[in-house]
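Below is one structure, written out as structure tokens; the observations come after it.
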Amino acid sequence: MKNDSIRPPKWADNLLVLLCKKEIREIIQGDLYEIYLINTNRYGKQKADRLYAKEVLQILRPRLVKKLEGTQKLNNYGMFKNYFKVGIRNILKYKVFSFINVFGLAVAMSVCMLLILMLADQKSYDQFHVKKDRVYRILGMPNGNKPYATVALPLAQTLSEDYPIIEESVSLRSGVGGDASFDQKTVELRGYFTDNAFFRVFDFPFAKGDKKTALSEPNTIVISTEKAYQLFNTENPIGKHVQFDDRGLNVMDFDGDSPPVDWGNYTIVGVIDQQSIKSHLKFDALMSASTLPILYKDSLISDVSNQWDNYWTSFAYTLLKKEASKDDLEKALQEIAKTKYAEIEDLNEYKYMSQELTQINPGILVNNDATFRLPEMAYYILSLLAFVIMVMACLNYTNLSIARSLSRMKEIGVRKVTGATRKNLIFQFLTESIVTVMISMLLAIFILFFTKEAFMGLWANKYLNFELGSSIEVYLVFFLFSLFIGVIAGIYPALFLSKHQPVKALSNDIAGKGKWGLQKVLNVSQFVVSLIFIITSIVIYNQFEHYTKFEYGFDTENIVNIPLQSNEYKMLSNEMKSVAGVTQVSACEYILATGTTNVIDLIDPNSEEKFESLMYLSVDEFFLDNLGLEIIAGKNVPPATSAGSDRYIVINESAVLKLGYARPEGAIGNIWESKSSGKVYEVIGVVENFRASLLVNGDETRPLILANNSSLFNYMNIKIAEGNPMKTISMLEEKWKSIDDTHEFKYAFFDNELANTNLAIFDIVSIIGYISFLAIMISCLGLLGMATYTTERKTKEIGIRKVLGAEELNIVMILSKGFLKLLLIAVIIAVPLSYMLNTLWLDNLSNRVDFGFGTVVLGSFLLLVLGLLTIGSQTIRASRKNPVDLLRYE
Amino acid sequence: MKDTNLGAFEELVLLAVGSLDENAYGVAIKDALEAQSGRSPSIGALHSALYRLEDKGFLSSKEGGATTERGGRRKKYYTLSGTGREALIKAHDLRMAFSQKIPGLNFNID
């Protein structure tokens, strides 16, 4: 009977094939099949199947079951244990070299890991939005330069109304910035106007309130949990009403405080928990956009809802339908740009760009961004630095491994003779390097704790908000990174060590000379890099010093600047004057040289055509005296007695020239008009030049006019007597509290404020300085390793020389000669390179220091000293040894 | 020193192989055991024992004889080796020696 159609259950068969030893499988299968046929005839297929399966399961016996793919893998496991053991023994045997390797790698890895943490942190922004893959931010480019994050207010609506590919669009109009009060308590709120669509595009978590209806009604507001707690403590804020007074504040913390304007009552309809998420959008409050028409009516805020030429007030975000693509969006945006901007003069070239939500952080730099962020460029530069350090550490490892290869020749010879293939040896040495790197990783994590703290303490972090948390993914990335570095660092030594013929290796007949060239090159390049770092650090530091010691031209010592925060100046100054320790009080519109400016265009009333742009600063009559500025012609600004007292302006020397007068005296009495308002100004005095704009903004002093317009005052300058400034400050605070108890007393020492404007540079100095320090350390470690190794090799030679009468000094010289040559070569190469590199960025700065010869000398000197110290430690030790011991060493 | 201890099942398997002369392969051995003892070992158990016995040197094997009833798969024929015979005799003697010490057990061997 042909029985091809009768087959036992496939799964059982497969299991059999899987489990059973190859040599017995066919036989067993045959037996089972015979029985199966018999069973099928006797009992029918079903029972036969069952019995077959039962039999197969009973094959699960030790004697019959396959070993793990035969015995090959077992052998691998055994060898791996051996490599590991031998590797650890090697590491322990040569503790100095191991330490050099491990420490250098650990330090470099900690820098790389910090960078990984930064990137991970930044990438995690805005990841909590459910529809994030379909959300885009619209950027606008009025001219070809940097794009603006802000666009015209009507854009979002146009998109959702006219384009079916859009599921939702939402505008965020800036302008919410003031005080909200409830039941005697006041908090400052900064945020945006928006509508309910915001919660359909984004998924900010609601602690309280209904996402579906929030912000649809006018005069409603959503606030953050922090602010809610400050106002309402633990009570439920929903449904409560707050009184809002606008103060013209901005989300981005710029100046611009104005007297509070009543905007009415607002109902709280939602509370958003901002602390649990990370987003590029930060706000204390969101006000409903439907409130805007009410505010327009009373001219409380400008109506830009139909103004396409106003592109700096709103943000636009859009959610595409699932089927739509980014190209569809770009096409739609192009159409809109063409139709809306064709008519508008000056903006014919206006273009739109779409930016994926996930690409905002980290991303390109844009104007008017919603938050401070580190631009992409900074990450590239940091990555480059980390890369350089890592390469140096790996080079050290390579260098040292090759240098010590002689000591392992016997082992390699024996292994080869007993049958190791080259692959086996490569694998062995890779295992060793991976083990070394793993130990370094542990050390690196330890170092990372400290560097992380220091990094978070950098000034820039106040604005950048790095929270470098560690998560499982991060550690996994570290682990993979270490594996990768282990392979990279170890591959060359592995290849090198494994290639020698066993006979030669056993008889110690290796010409080490050939590889000496490579090691020299590696060492020299390490020092070149270090020297470039040193010189660059020195230059940056000099530049920083230059900025901080800059002669601004006005007094800053003992002057404290206090923002008025909408209080009335006259009354406040009288109170403050009465505080002990206060010598003088003056007022001004903004703080000089900290980045804020005001400008005005003045026309000569006779010519009508010509106009000049000048800086404008409103000050009171005590300002010039307070800051020690001298009037060189005419009089000071008059006190604010009548409405028109700001007609009389004092101009600085640069303005004299700009307005076309040969001498300061010639300017007095002349009339100029403001181009925008037509207001008439009469020059009443000339003040000496002083620095009013930021130091990075060029060398020359801009022309400036001063006028006494008290409605523009934002700050009070208080000069304090020498002695105990902090005591005076606390008394001032008391006074402040008695006058204004809703706003917190804020103050800043003028010289600190000025120094702070340059803190960004200080951060850069710190970072580059730290990396330079690491680079130098790694280079020195490498040099130390080489020096140790060389002196060890030359012990016999040193012994003989000593016996023949050489002095210790001679020996030191002989040993050091080679290294000195290397250092000198490094200096010769590094100096021109660092000159080129540094002039690149220095040229971009106005107000720069000169790259002096002194810098170069200082840097090279530092390097030489360090190099000599490193070599010296070894050579001096070697030269002191008793020649008997040296010669006995076998 | 060779391990000549035979487990009970192993002994039975050796006996079965011996009784089948030239034709002792998997299924046949299984059938013979079933016929004589009433027990039906699984193929796995049987082959495991055969493998072990061959390792110990009591059996020798040769392969051959693929048939369609086996789907074209070959069989392995086992035969008793000299050592195997010796082991069987020893085992038998051991049992006889013990049983003669037990009063009332009548084995009546001829």
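Letters A, B, ... are given to chains in the order of the sequence lines, protein chains preceding strands, and every chain is numbered from 1.
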Could you state the interatomic distance from CZ (Arg74(B)) to CD (Gln29(A)), rounded to the nearest 0.5 Å?
11.0 Å

Sequence neighbours excluded, the answer for ring pair (Phe, Tyr, Trp, His ring centres under 6.0 Å) partners of Phe99(A) is Phe103(A)

For Glu23(A), I'd like to know if atom CD has over 12 heavy atoms of other residues, nucleotides or ligands within 6.0 Å.
yes

Which atoms of Ile27(A) come close to chain B, meaning under 4.5 Å heavy atom to heavy atom: side chain ones, backbone ones, both, or neither?
both

Tell me, yes or no, whether the heavy-atom count around Phe84(A) atom CZ, taken from other residues, nucleotides or ligands under 6.0 Å, exceeds 12.
no

NE2 of His47(B) to CG of Leu32(A): how many Å apart, nearest 0.5 Å?
7.5 Å

Does anything in residues 422-435 of chain A pair up under salt bridge (Lys or Arg N to Asp or Glu O under 4.0 Å), and if so which pairs, sequence neighbours excluded?
Arg408(A)-Glu432(A)

Under 4.5 Å, heavy atom to heavy atom, which residues of residues 52-61 of chain A contact chain B?
Glu55(A), Gln58(A), Ile59(A), Arg61(A)

Sequence neighbours excluded - salt bridge (Lys or Arg N to Asp or Glu O under 4.0 Å) pairs with any residue from residues 27-41 of chain A:
Asp31(A)-Arg70(B), Glu34(A)-Arg70(B)

For atom CD of Glu34(B), decide whether the heavy atoms of other residues, nucleotides or ligands shown that lie under 6.0 angstrom number more than 12.
yes

Which portion of Ala28(B) sits near chain A, non-hydrogen atoms under 4.5 angstrom:
neither

With rounding to the nearest 0.5 Å, note down the distance linking CD1 in Ile35(A) to CD1 in Ile43(B).
3.5 Å

